[in-house]
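Heads up: the structure comes next, in structure tokens.
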Amino acid sequence: MYKIIQLTKCDDKSGKLISCESFKNVPFDIKRVYCIYNTDSRFSRGFHAHKSLSQLIFAVNGAVDFTLDDGVNRETITLDDPSKCLLLEGVVWREMHNFRNNCVLNILCNDYYDDLDYIRDYDMFLKIVGNGE
Ligand code: T46
């Protein structure tokens, strides 16, 4: 349903650095990068799946809980360290809850923005993954 990719940290007394490179630690060609910032713990985000988009997601600041669902299993994982990346490939329902400590998310994608790639209806999602009526 998902993979965690651990980035190597270059860490010294002046600070920490992580880097992402296509086909090295990112398993796809990066076509788009977007950022979610100014987050508010009172509001959750997501509530959709993608038909074909692959994404690598990491919290460059703060923390957030991702609830992931493949139509059979539902699991919640926390992103709270910039070197801990969540790789989502395939049709996975995602919800983001409990944004905290000024959470800023960085997301790398293998494709351009396309509204038609979104599945925003949970029953439709279940049908697509073969677990609906
Ligand atoms: C995902 C989770 C983790 C754009 O114009 N370009 C973009 O590249 C993106 C991602 C969004 N938008 C527009 C579309 C909406 O009008 O920004 C608005 C907010 O997007 P959305 O409600 O989809 O945001 P989230 O936080 O619910 O979901 C986002 C991504 O859309 C989604 O692909 O997996 O983050």
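For ligands, and for the atoms within them, numbers begin at 1 and follow the listed sequence.
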Item checked: Partners meeting ring-ring contact (aromatic ring centres under 6.0 Å, His included) with Tyr118 (sequence neighbours left out) -> His48, His50, Tyr113

Next item on the list: List for me each residue that meets ring-ring contact (aromatic ring centres under 6.0 Å, His included) alongside Phe28, sequence neighbours excluded, and say none if there are none.
Entry: none

Note to self: If hydrophobic residues (ILVMFWY) are linked whenever their side-chain heavy atoms come closer than 4.5 Å, directly or via other members, who joins Ile4 in its cluster?
What the structure shows: Met1, Tyr2, Tyr34, Ile36, Ile57, Val64, Phe66, Leu68, Ile77, Leu79, Leu86, Leu88, Val92, Met96, Phe99, Leu105, Ile107

Check: Is the number of heavy atoms from other residues, nucleotides or ligands within 6.0 Å of NZ (Lys16) greater than 12?
Finding: no

Notebook entry, point to check: Quick check: does any side chain N or O of Ser22 sit under 3.5 Å from a backbone N or O of Ile30, one acting as donor and the other as acceptor?
Noted result: yes

Margin query: Testing the 3.5 Å rule here: is there a donor-acceptor pair between the side chains of Ser52 and Asp117?
Written below: yes

Which pairs of nitrogen or oxygen atoms, taken one from ligand 1 and one from the protein, are under 3.5 angstrom apart?
residue  : atom   : partner : partner atom : Å
ligand 1 : 8 (O)  : Arg32   : NH1          : 2.5
ligand 1 : 24 (O) : Arg45   : NH2          : 3.3
ligand 1 : 26 (O) : Arg45   : NE           : 2.6
ligand 1 : 26 (O) : Arg45   : NH2          : 3.1
ligand 1 : 27 (O) : Gly46   : N            : 2.9
ligand 1 : 31 (O) : Tyr118  : OH           : 2.5
ligand 1 : 33 (O) : Tyr34   : OH           : 3.3
ligand 1 : 33 (O) : His50   : NE2          : 2.6
ligand 1 : 33 (O) : Gln55   : NE2          : 3.4
ligand 1 : 33 (O) : Tyr118  : OH           : 3.2
ligand 1 : 34 (O) : His48   : NE2          : 3.3
ligand 1 : 34 (O) : Gln55   : OE1          : 2.7
ligand 1 : 34 (O) : Arg94   : NH1          : 2.8
ligand 1 : 35 (O) : Tyr34   : OH           : 3.1

